[in-house]
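Report on one structure; see the data block that follows.
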Amino acid sequence: MQHYLVYTLYLFFIILMIINLIYMLRGIIPLGSFINNILDNMMKPLLCPVRFIVRHSILKSLKTDISPYIILIIASYLQSVCKMIMKIY
């Protein structure tokens, strides 16, 4: 049972990373307004807290939005933690 839960979280973080990569590449690859709205609605709950933390940190002097990159790093780390847990069980 625990293995299925960890595997589900592992898949969730893979999907989250893919959606985040598409969100980051939408400036380079022209997507339709419908897809941009869907990506905005999916990523806004994740981006708002990270943007708040970045705005109140030493990184606030940067002109670019680095919150998608931070989410990518966190999701990658959590995915590797899930992989390590799956090896234990």
Go through R26 and D40 one step at a time and tell me if the side-chain contact (heavy atoms from CB on, under 4.5 Å) criterion holds.
CA-CA 11 Å; R26 72 183 183 151; D40 283 337; 2.9 Å; yes

Give the cluster check for [X] versus [Y]: same hydrophobic cluster or not, with ILVMFWY residues linked at side-chain heavy-atom distances below 4.5 Å.
X: L72; Y: F52; value: no
X: M84; Y: V6; value: no
X: L11; Y: Y4; value: no
X: L5; Y: M1; value: no
X: I88; Y: V81; value: no

For the [atom1] atom of [X] and the [atom2] atom of [Y], what is their distance to the nearest 0.5 Å?
X: L78; Y: I14; atom1: CG; atom2: CD1; answer: 12.5 Å
X: L16; Y: L9; atom1: CG; atom2: CG; answer: 11.5 Å
X: L25; Y: N20; atom1: CG; atom2: CG; answer: 9.5 Å
X: L47; Y: Y23; atom1: CG; atom2: OH; answer: 5.0 Å
X: I38; Y: S33; atom1: CD1; atom2: OG; answer: 10.0 Å
X: I53; Y: C48; atom1: CD1; atom2: SG; answer: 11.5 Å

Validation row: I70, I66 side chains within 4.5 angstrom (heavy atoms)
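A side-chain contact exists here, since the closest heavy-atom pair is under 4.5 Å.
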
A side-chain contact here means heavy atoms from C-beta on lying under 4.5 Å apart; do M43 and I22 qualify?
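Side-chain contact under 4.5 Å: no.
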
If you take all heavy atoms of [X] and [Y], which pair is closest and at what distance?
X: A75; Y: F13; result: O-CB, 3.9 Å
X: N36; Y: L31; result: ND2-O, 3.6 Å
X: V50; Y: L46; result: CG2-O, 3.4 Å

Donor-acceptor pair, side chain of S76 and main chain of I73, under 3.5 angstrom:
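Answer holds: no.
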
Check whether more than 12 heavy atoms from other residues, nucleotides or ligands sit under 6.0 Å from atom CE of M42, and answer yes or no.
no

